[in-house]
Participant: 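This is the structure, below, for whatever I ask next.
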Amino acid sequence: MAAKIPEKFLDHIRPFLGGTGAVEEFVETAQRPLPITLRRNPKKLTKESWAQLVQEQNWTLETLPFLAEGFTLIGAKNPGTLLEHRLGFFYLQEAASMIPAEVLRRLNPKATLILDLCAAPGSKTTQIASFAMENSLIVANEPSASRLQVLVANLVRLGHSNCVVAQQDGREIGKLLPEAFDAILVDAPCSGEGTLRKDRQALRGWNPKRFRKITKTQQELLESALQSLAPGGVLIYSTCALSPEENQLAIANFVHRHPHELLTCDLGETIPELSKSVTQDGYLWVSPHHYDTGGFFVAAFKKAGQAPNRNDLSNAGSEVSSPLISLQQTLKQNFDFELSQCPGSLEVRDGKVILNPPGFLRVARTLGLNRRGLRIATLSEGEALLHQEFALAFGASFRRNFLEVSRDEARHFLYGGELNPSIEKMQIGKQILLRYQGHPLGFARWENGRFRNLLGPSFVQQSVR
Ligand SMILES: C[S@@+](CC[C@H](N)C(=O)[O-])C[C@H]1O[C@@H](n2cnc3c(N)ncnc32)[C@H](O)[C@@H]1O
């Protein structure tokens with residue numbers, strides 16, 4: 001049964017809901033469960049393979065009005081337990097939550113240094129990574145340690161290699177990295193009122209005093225973001241709240257403090273498909289009844305001034321030591337894979353070989369990253385133990401030494417099981433990549449007539465169908 005919407009809350013947002021019948025429509029929509037919505041991950045799946053998957057699964061999809069890669073899935077249940085989800089083909093995300101990153105894409109498609117200030121669990125970071133240019137760097141910041149783990153798991157599952165992760169209080173980043181980024185998303189911590197269709201507790205005990213602390217944090221995050229934004233850069237602010245204190249009023253305060261630095265972007269022009277949600281000031285106040293979504297607010301600004309020239313994001317000064325050369329040769333020999341062609345630079349750190357995305361040196365020295373780039377291998381007693389996240393990001397390009405397995409074998413492997421396929425000539429002790437329909441599952445090692453599963457505990461998943 002749907003939770004009752006508190007009258008006080010309805011009165012509070014009534015002025016924004018619209019004309020005749022809007023309140024009833026809001027209440028009726030808010031009490032219905034959210035549709036299942038998802039985003040195709042172009043890093044893993046071409047449009048053709050996506051069409052094939054849709055056919056195989058017998059899915060009925062409707063494309064979201066504002067995003068070609070976003071869909072409503074009609075009639076299907078639990079897509080999150082499918083093998084295809086584990087393989088990173090798609091990301092389950094509430095439709096309105098896809099708006100802020102799409103706004104960023106439309107306003108600054110060529111941004112190369114991007115900050116996601118409040119990033120976990122990574123819905124918007126992974127969306128940004130899916131369209132960001134190959135030579136770009138995305139810094140995903142999240143202060144909460146437990147939420148940060150989920151963020152990293154999502155980045156790894158979707159195979160993104162151009163993201164680094166910082167664990168800072170976002171309010172400090174402006175001081176640490178002034179005028180550094182071309183685009184910044186502040187998807188701020190908020191009261192979460194807009195999640196009322198998903199979370200029956202979202203409005204429990206609602207009262208207008210609860211905003212005080214959160215609105216202060218929101219202002220401080222906005223200040224920090226503005227400081228960290230390069231001239232000409234784009235700043236997006238979003239919340240999944242519906243009250244004006246966290247949205248229109250928060251932005252009015254912010255603009256009031258920086259009348260000459262902030263140029264408001266009219267989102268009615270940027271994303272005309274969402275015309276029902278455009279406010280007088282050119283922001284988006286997305287009510288659930290507008291497009292059958294959750295509630296969201298989005299505002300966007302350009303920072304006055306001339307954007308810096310960002311032609312070169314190379315990590316100048318990075319080393320190419322002999323262990324790296326040897327690893328490159330091994331990968332070439334074993335998998336016919338050219339590590340040197342991956343964007344970014346390699347480093348050896350605490351015995352681990354890491355592929356750092358282009359430009360990471362610009363942030364790494366100041367920010368103290370929780371996770372630098374993609375882990376390629378651990379060097380141990382002269383051997384390179386290849387990492388599973390390397391497999392997931394680049395394994396589809398290996399041209400040798402991979403084994404295609406059946407769907408049942410793939411599921412068994414992901415449960416942590418060992419495989420015993422009928423292969424006679426395997427090189428003992430060598431790591432081999434297992435793939436399902438060309439998509440990487442992870443590494444295994446041929447030992448005693450079986451494939452020993454090399455997935456670590458964090459990669460094992462019990463409920464894949
Ligand atoms: C709305 S959620 C972000 C959702 C995320 N952008 C996504 O799309 O998956 C807000 C996040 O802000 C984080 N947060 C809270 N205080 C923060 C601060 N001072 N600086 C940065 N992030 C903060 C919370 O831990 C939470 O993960």
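These figures come from a predicted structure and were not determined experimentally.
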Participant: Indicate whether any N or O donor in one side chain lies under 3.5 Å from an N or O acceptor in the other, for Gln168 and Asn141.
Facilitator: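 Side chains of Gln168 and Asn141: no pair found under 3.5 Å.
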
Participant: Does Leu242 form a side-chain contact (heavy atoms from CB on, under 4.5 Å) with Phe26? I'd like the steps, not just the answer.
Facilitator: CA-CA 12 Å; Leu242 288 169; Phe26 171 84; 4.1 Å; yes

Participant: Check the angle between the aromatic planes of Phe337 and Phe390 and answer parallel, tilted or perpendicular using the 30° and 60° thresholds.
Facilitator: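 The arrangement is perpendicular - the two ring planes meet at more than 60°.
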
Participant: On the 0 to 90° scale, with breaks at 30° and 60°, tag the His387-Phe459 ring pair as parallel, tilted or perpendicular.
Facilitator: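 His387 vs Phe459 ring planes: perpendicular.
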
Participant: Mind listing the closest non-hydrogen atom pair of Thr195 and Cys240 along with its distance?
Facilitator: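 Closest approach of Thr195 to Cys240: CG2-SG, 3.8 Å.
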
Participant: Trp50 vs Phe90 aromatic rings, parallel, tilted or perpendicular, using cut-offs 30° and 60°?
Facilitator: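 Plane angle over 60°, so perpendicular.
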
Participant: If you round to the nearest 0.5 Å, how far is NE2 of His412 from CG of Asp408?
Facilitator: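 Asp408 CG to His412 NE2: 10.0 Å, rounded to 0.5 Å.
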
Participant: Under a 3.5 Å distance rule, please check whether Ser161 uses its side chain to pair with a backbone N or O of Leu374 as donor and acceptor.
Facilitator: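 Not a single qualifying donor-acceptor pair exists.
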
Participant: Under the side chain to side chain donor-acceptor pair (under 3.5 Å) criterion, do Thr279 and Gln248 qualify, and how do the steps go?
Facilitator: CA-CA 9 Å; Thr279 71; Gln248 294 92 327; 5.9 Å; no

Participant: Report the C-alpha separation of Phe181 and Val363 in whole Å, then their side-chain angles, then the decisive distance to 0.1 Å, and conclude whether the side-chain contact (heavy atoms from CB on, under 4.5 Å) test is met.
Facilitator: CA-CA 10 Å; Phe181 294 97; Val363 298; 4.0 Å; yes

Participant: Only one of Leu284, Val286, Ile251, Ile99 passes side chain to side chain contact (heavy atoms under 4.5 Å, CB included) with Phe297; say which it is.
Facilitator: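 With Phe297 as partner, side chain to side chain contact (heavy atoms under 4.5 Å, CB included) holds for just one option, Ile251.
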
Participant: Mark yes or no for whether Arg14, through its side chain, and Val23, through its backbone, hold a donor-acceptor pair below 3.5 Å.
Facilitator: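 Side chain of Arg14 to backbone of Val23, a donor-acceptor pair under 3.5 Å: no, none is there.
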
Participant: Arg147 side chain to Ala119 main-chain N or O, any donor-acceptor pair under 3.5 Å?
Facilitator: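 Such a contact is absent between Arg147 side chain and Ala119 backbone.
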
Participant: If you measure from CG on Leu177 to CD1 on Ile184, what distance do you get to the nearest 0.5 Å?
Facilitator: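 That separation rounds to 9.0 Å.
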
Participant: Tell me whether Thr29 contacts the main-chain N or O of Glu25 through its side chain, where contact means a donor paired with an acceptor under 3.5 Å.
Facilitator: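 Side chain of Thr29 to backbone of Glu25: a pair is present.
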
Participant: Considering residues, nucleotides and ligands other than Gln280, do more than 12 of their heavy atoms fall under 6.0 Å from its CD?
Facilitator: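 Atom CD in Gln280 is not crowded, with 12 or fewer foreign heavy atoms closer than 6.0 Å.
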
Participant: Rounded at 0.5 Å granularity, tell me how far NZ in Lys352 sits from CZ in Arg375.
Facilitator: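 Spacing of NZ (Lys352) from CZ (Arg375) equals 6.5 Å.
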
Participant: What I want to check is whether the side chains of Thr126 and Asn154 have a donor and an acceptor closer together than 3.5 Å.
Facilitator: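 Result is no, nothing qualifies.
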
Participant: Does any non-hydrogen side-chain atom of Trp206 lie less than 4.5 Å from one of Ile5?
Facilitator: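 Ile5 vs Trp206: side chains apart.
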
Participant: Report yes or no: does Glu193 contribute a side-chain atom to a donor-acceptor pair with the main-chain N or O of Ser243 at less than 3.5 Å?
Facilitator: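 Judged by distance alone, yes, a pair lies under 3.5 Å.
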
Participant: Compare all side-chain heavy atoms of Leu385 with those of Arg445 and state whether any distance is below 4.5 angstrom.
Facilitator: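 In contact.
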
Participant: Which heavy atom of Leu155 sits nearest a heavy atom of Cys163, and at what distance?
Facilitator: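 Looks like CD2-SG, 3.7 Å.
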
Participant: What's the shortest heavy-atom distance between Arg40 and Thr46, and which atoms?
Facilitator: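 What the structure gives for the nearest pair is NH1-C, 3.4 Å.
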
Participant: I'd like to know if the side chain of Asn453 reaches the main chain of Gly417, judged simply by a donor and an acceptor atom lying under 3.5 Å from each other, with no hydrogens or angles considered.
Facilitator: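 Yes, because the side chain of Asn453 sits within donor-acceptor range (under 3.5 Å) of the backbone of Gly417.
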
Participant: Does anything in residues 134-157 form a ring pair (Phe, Tyr, Trp, His ring centres under 6.0 Å)? List the pairs, not counting sequence neighbours.
Facilitator: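 Non-adjacent pairs meeting ring pair (Phe, Tyr, Trp, His ring centres under 6.0 Å): zero.
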
Participant: Below 4.0 angstrom, N of the basic side chain to O of the carboxylate: do Arg452 and Glu418 qualify?
Facilitator: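 No, no charged N to carboxylate O under 4.0 Å.
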
Participant: Report yes or no: does Gln167 contribute a side-chain atom to a donor-acceptor pair with the main-chain N or O of Pro143 at less than 3.5 Å?
Facilitator: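 Yes.
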
Participant: Going by salt bridge (Lys or Arg N to Asp or Glu O under 4.0 Å), name the pairs with one or both residues in residues 266-292, residues two or more places apart or in two chains.
Facilitator: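 Those involving residues 266-292 are Arg32-Asp292, Arg106-Glu273, Arg197-Asp292.
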
Participant: Mind running side-chain contact (heavy atoms from CB on, under 4.5 Å) on Asn247 and Tyr283 for me, showing each step along the way?
Facilitator: CA-CA 9 Å; Asn247 299 326; Tyr283 312 137; over 6 Å; no

Participant: When rounded to the nearest 0.5 angstrom, what distance separates NZ in Lys124 from CD1 in Ile114?
Facilitator: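 Taking NZ in Lys124 and CD1 in Ile114, the distance rounds to 15.0 Å.
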
Participant: Using a 3.5 Å distance criterion without hydrogens, assess whether the side chain of Tyr237 forms a donor-acceptor pair with backbone atoms of Ala188.
Facilitator: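 Checked: no pair found.
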
Participant: Evaluate the side-chain proximity of His12 to Pro244: yes if any heavy-atom separation is below 4.5 Å, no if none is.
Facilitator: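 A side-chain contact under 4.5 Å exists here.
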
Participant: Restricting to non-hydrogen atoms, name the atom on Asn162 and the atom on Ala132 that form the minimum distance, rounded to 0.1 Å.
Facilitator: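 That would be ND2-CB, 4.1 Å.
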
Participant: Are any of the side-chain nitrogens in Arg39 or Glu69 under 4.0 Å away from the carboxylate oxygens of its partner?
Facilitator: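 Looking at Arg39 and Glu69, the cut-off is not met.
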
Participant: Compute whether any side-chain donor of one residue and acceptor of the other, for Ser130 and Asn41, lie under 3.5 angstrom apart.
Facilitator: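 No - no donor-acceptor pair under 3.5 Å links their side chains.
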
Participant: Any idea which heavy atoms bring Pro189 and Thr217 closest together, and the distance?
Facilitator: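 So the minimum-distance heavy-atom pair works out to CG-CG2, 4.4 Å.
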
Participant: Between Gln218 and Thr239, is any side-chain donor less than 3.5 angstrom from a side-chain acceptor?
Facilitator: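 Thr239 and Gln218 do not have a side-chain donor-acceptor pair below 3.5 Å.
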
Participant: Using a 6.0 Å cut-off, check whether atom NZ of Lys303 has over 12 heavy atoms from anything other than its own residue.
Facilitator: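 Check passes, neighbour count above 12.
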
Participant: I'd like to check Ser277 versus Tyr291 (side-chain heavy atoms, cut-off strictly below 4.5 Å). Are they in contact?
Facilitator: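 Side-chain contact under 4.5 Å: yes.
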
Participant: Decide yes or no for Phe360 and Arg372: does some side-chain heavy atom of the first lie under 4.5 Å from some side-chain heavy atom of the second?
Facilitator: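 Yes, at least one pair of side-chain atoms sits under 4.5 Å.
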
Participant: Hey, is the main chain of Arg411 close enough, under 3.5 Å, to the side chain of Tyr436 for a donor-acceptor pair?
Facilitator: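 A pair under 3.5 Å: no.
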
Participant: Report yes if the side chains of Phe413 and Val405 come closer than 4.5 Å at any heavy-atom pair, otherwise no.
Facilitator: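 No, too far: nothing below the 4.5 Å cut-off.
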
Participant: Ring of Phe394, cation from Lys43 - is the NZ or CZ under 6.0 Å from the centre and inside 45° of the axis?
Facilitator: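 Ring-cation test returns yes.
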
Participant: Applying side chain to side chain donor-acceptor pair (under 3.5 Å), run through Asn135 and Thr112 and close with a yes or a no.
Facilitator: CA-CA 7 Å; Asn135 65 344; Thr112 46; over 6 Å; no

Participant: Under the side-chain contact (heavy atoms from CB on, under 4.5 Å) criterion, do Asn334 and Ile432 qualify, and how do the steps go?
Facilitator: CA-CA 9 Å; Asn334 290 0; Ile432 184 168; over 6 Å; no

Participant: Where the side chain of Thr63 meets the backbone of Ala68, is there a donor-acceptor pair that is under 3.5 Å apart?
Facilitator: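 No; judged by distance alone, with no hydrogens or angles, the pair does not exist.
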
Participant: On a heavy-atom basis, which atom in Gln437 and which in Glu404 lie closest, and how many Å separate them?
Facilitator: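 Closest approach of Gln437 to Glu404, heavy atoms only: N-OE1, 2.9 Å.
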
Participant: Check the surroundings of atom NZ in Lys332: do more than 12 heavy atoms from other residues, nucleotides or ligands lie under 6.0 Å from it?
Facilitator: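 For Lys332, atom NZ is crowded (more than 12 foreign heavy atoms under 6.0 Å).
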
Participant: Hydrogens and angles aside, do Asp187 and Ser238 bring a side-chain donor and acceptor to less than 3.5 Å of each other?
Facilitator: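 Side-chain D/A pair, Asp187 to Ser238: present.
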
Participant: Once you round to the nearest 0.5 Å, how far does CD of Gln431 lie from CH2 of Trp446?
Facilitator: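 It comes to 15.5 Å.
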
Participant: State the CG-CG distance between Leu117 and Leu235, to the nearest 0.5 angstrom.
Facilitator: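 If I round to the nearest 0.5 Å, the distance is 9.5 Å.
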
Participant: Side-chain atoms of residues 72-81: list all donor-acceptor pairs with protein atoms under 3.5 Å, sequence neighbours left out, distances to 0.1 Å.
Facilitator:
| residue | atom | partner | partner atom | Å |
| --- | --- | --- | --- | --- |
| Thr81 | OG1 | Asn78 | O | 2.9 |
| Thr81 | OG1 | Arg465 | NE | 2.7 |

